[in-house]
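Inspection log for the structure reproduced underneath, given as structure tokens.
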Number of protein chains: 2
Amino acid sequence: MVMPAPAVSGTGGAAPGTVGDVRRSNLALVLGSIAEFPPGTCPSRAQVAAATGLTKASVSSLVLDLLDAGLIREVGLNPQGRGRPGVGLELNPSRAVMGMEINVDYISAAVVDLTGKVLIREVKERDNRNSAHAPVLAALAALAVRVRSSAGERGVEVLGGGLAVPGLVDPARARVLTAPNLGWVDVDLDLDALLPEAPLGVALFNEANAAALAELRDRPDGASDFLFVSGEVGVGGGIVIGSELFTGPEGHAGEVGHIVVDPDGGHCSCGGTGCLETVAGQDAIFTAAGLVPDTGSRSASMSALLQALKAAEPGPVTAVERAGRSLGIALASAARVVDIQSVVLGGHFALLEPWLRAPLLESLGKYAPGKYAPEQVTVSAVGEAGALLGSAGSVIRSLMEAPHRLHA
Amino acid sequence: MVMPAPAVSGTGGAAPGTVGDVRRSNLALVLGSIAEFPPGTCPSRAQVAAATGLTKASVSSLVLDLLDAGLIREVGLNPQGRGRPGVGLELNPSRAVMGMEINVDYISAAVVDLTGKVLIREVKERDNRNSAHAPVLAALAALAVRVRSSAGERGVEVLGGGLAVPGLVDPARARVLTAPNLGWVDVDLDLDALLPEAPLGVALFNEANAAALAELRDRPDGASDFLFVSGEVGVGGGIVIGSELFTGPEGHAGEVGHIVVDPDGGHCSCGGTGCLETVAGQDAIFTAAGLVPDTGSRSASMSALLQALKAAEPGPVTAVERAGRSLGIALASAARVVDIQSVVLGGHFALLEPWLRAPLLESLGKYAPGKYAPEQVTVSAVGEAGALLGSAGSVIRSLMEAPHRLHA
DNA sequence: TCATATAGTTCAAGCAATGAACTAAAGCTT
DNA sequence: AAGCTTTAGTTCATTGCTTGAACTATATGA
């Protein structure tokens, strides 16, 4: 028997529902409906009413609130054929959100409008390895100020932002628990200092999770359930289920890099044994391939590896094949635990896919037959900027889901 | 930055919210509040108002609906000290739900009132191994009729039911996808025939998932996030996060039995290789222990094993230790994927816990250090009847969350 | 007996969605 | 060009919900 999902549901025992909640819910419904029309369509109020199931009267009133909040704007006319033309509605192009990222080799910031279009993007190289967090954040704040003001010059207001960090985070407390490659442990961040006065503040994300969310937005196949595997220095992951990031009770789900792939394997930086990361992390692949990992320039090491692979050098090829098989084992186990049937390869796994794919599929077939169809093992659609854009996208999405937070 | 959870939220783009949704939400809030008062307390309307944050006026009106629906009843007076005594409210003890289970060796049914108290429970031994499903269901239907009418004689009305089955299910389509030990593949069930005319119908559950839900209800530590591992002929599991069963996109999450624990291991009935089940399933342990698995009476085999363990016979001891270590590997991987930090051992794992515990903890420490504290590895609080009671409990819970389904 | 305190109900008010009636603005017909 | 048809959007009375204040009911304590 199927339980019908109520259109409006309580939080599960906490606060009483009021009629105001209905309005908030419908505000999000209308805004989401406008956003989901094909780009450039600019639906009329009547079309929104038809799409949402609300009456024209309700939509008119809700649209008024959204206009007041500056989230949408009216744009030209929209002839329907016979009758009176509708007034087009679209997301306000002068409202935006800032994505930010701190990574090992760089910091970056981007301004993304509500439709997801990247208006500005700046990357600043910076060696953050084992750097204290204060100067890194100061540099990022400076970058944010610059980017924000150049958005302001174009008439674009930044409403809020998201910051992606390569490590375990506690988003609720704005705290980085561990970021091994930055050398950070239990670092509290003053996020709001990055975007002073921004009405939505700044949210904190794990890098792989943010990248998974970016992937969700850009997927050509429109997949809403997948496991994103991010191959960086470490191996991270993000689980998307029902178009939502699945974070687990403490917010650290999807740590694919530390699934056990070889009980007799080597030690891992996490303290564990035989983790995927010890076989498929960048440094592990470099050393197994017989390359000296150039910690100063990882991208140089990576291009050396790719060249060696193209030259079919046996050492690198078998190293990558081994990584592929191990990745298959990890994904097989993950599939069983969270019941996911689709994988997106990101980071260096995307670059290595041509050599990785065959052993990976073979391994998946051996350890989890029938779980993943081969066409469900795909390469990331977003590039390096995944974490950057994903953190912005996530902030946009949470705004779309609760537009009343903007004064309305 | 923390996103405040709205008290009433939309479904995510589907139906518009109406004022009626607010009432439905608050109806559930009031009912839940009454249920969560300590047993025997019988709160007054005023106490419910205080607990929920609703006004006395609203609570009065909502309580009236719940009384009409027969979900609660007024009971005696409730002196508060000084002023006018309140009228006690409690869950209606004459409304109940039926839990049902089909397993390898038996079928069973139980009537459970809305507080979770078991009123009637009947187990009927029956060898369902490789039996066609029709006669099994006919026998269960007969059992259900008997139990239901004997509840009726006590004035108890059965509102709906849940059926737990040892296999992969598709609850939405009332379909058993595979139940290896029953020999069922893609079996469609006519669930409503089990409880004709019951207003809530009959829901379908996976056995381990249902047991996990029973565990949730009975946990002495009140844990709301844990992984329940059910050791039966197969090894199943149920993941509880935030007091909700986590089912994954297709409803089959928590298949802990098929996590890879030994890439070089043997074949599994699932088609995979080196699954936990091939080391820690009942038959695997029996054979590794040097005991002949008596497929006719698994409980006999189990008591033989327990005796051998008590006698410290080396074969059985090492077999169980090996199972414990493998279980540790699987749980380490699962912890990384879903970020869970607490494990409940059920089924034969509960019986074997004294011998299993040390190698399990050692293995967890080796493969996922810091993830599980030793006191977070506990033994199931519900016994064999977990799946039976869990399926009933889940139906009760879904009723509590949507009481408007009952005519109100 | 009366004051006080608490429980529960009644009722006017506010807010949200609704549906019907109405106004606005186009294309099409003759 | 005038009028008909069609569609967009607004206005307004109605309904349903929660709320808060006023009110009634019923206990304890002085």
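Since we're looking at a predicted model, the values are computed, not measured. Quick note on labels: first sequence line is chain A, next is B, and so on, each numbered from 1.
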Candidate nucleotides C:dG8, D:dC17, D:dA8, ranked by approach to the side chain of A:Ala46 - the nearest:
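Selected nucleotide: D:dA8.
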Can you tell me the distance, in whole Å, between the [atom1] atom of [X] and the [atom2] atom of [N]?
X       : N      : atom1 : atom2 : value
B:Asp65 : D:dT18 : CG    : C1'   : 14 Å
A:Lys56 : C:dT23 : NZ    : P     : 14 Å
B:Leu29 : D:dC17 : CG    : P     : 16 Å
B:Asn78 : D:dT26 : CG    : P     : 16 Å
A:Leu54 : C:dA17 : CG    : P     : 7 Å
A:Arg23 : C:dG14 : CZ    : P     : 17 Å
B:Gln47 : C:dT6  : CD    : P     : 12 Å
B:Leu27 : D:dC17 : CG    : P     : 10 Å

When you measure from the side chain of B:Asn26 to the backbone N and O of A:Gly17, does any donor-acceptor pair fall under 3.5 Å?
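Yes, the answer is positive, given that a donor and an acceptor are paired below the 3.5 Å cut-off.
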Determine whether a donor-acceptor pair (N or O, by modelled atom type, separation under 3.5 Å) exists between the side chain of B:Thr41 and the backbone of B:Pro38.
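Flag set: sc B:Thr41 to bb B:Pro38 pair under 3.5 Å.
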Would you classify B:Val87 as touching base, sugar-phosphate or nothing, given that sugar-phosphate means primed atoms plus P, OP1 and OP2, and contacts are heavy atoms under 4.0 Å?
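Counting heavy atoms under 4.0 Å across all strands, the contact made by B:Val87 is with sugar-phosphate only.
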Among A:Leu29, A:Val30, A:Leu31, A:Leu54, find the residue that satisfies the side-chain contact (heavy atoms from CB on, under 4.5 Å) test when tested with A:Val48.
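Exactly one option meets the side-chain contact (heavy atoms from CB on, under 4.5 Å) with A:Val48, and it is A:Val30.
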Counting distance alone, no hydrogens or angles: does the base of C:dA5 have a donor or acceptor under 3.5 Å from a partner atom on the side chain of B:Arg82?
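Per atom types, no contact qualifies.
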Can you say whether a donor on the side chain of B:Arg84 sits under 3.5 Å from an acceptor on the base of C:dA7, or the other way round?
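Counting by modelled atom types and ignoring angles, a donor-acceptor contact under 3.5 Å is found here.
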Quick one: is A:Ser58 getting a side-chain N or O under 4.0 Å of the C:dT18 phosphate, OP1 or OP2?
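Yes.
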Can you check whether B:Ser44 has a side-chain N or O nearer than 4.0 Å to OP1 or OP2 of C:dG8?
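For C:dG8, OP1/OP2 do have a side-chain N/O of B:Ser44 under 4.0 Å.
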Select from A:Asn26 and A:Leu77 the residue whose nearest nucleotide in DNA chain C is closer to the 5' end of that strand.
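Looking at the nearest nucleotide for each, A:Asn26 comes out on the 5' side.
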Which heavy-atom pair separates A:Ala381 from A:Pro220 by the least distance, and what is that distance?
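Closest pair (atom of A:Ala381, atom of A:Pro220, distance): CB-CD, 3.9 Å.
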Does CZ belonging to A:Arg175 count more than 12 external heavy atoms closer than 6.0 Å?
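Yes, the 6.0 Å shell around CZ holds more than 12 heavy atoms from other groups.
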5' priority, DNA chain D, between A:Ala57 and A:Gly86 [closest heavy atom]:
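Going by which nucleotide is closer to the 5' end, it is A:Gly86.
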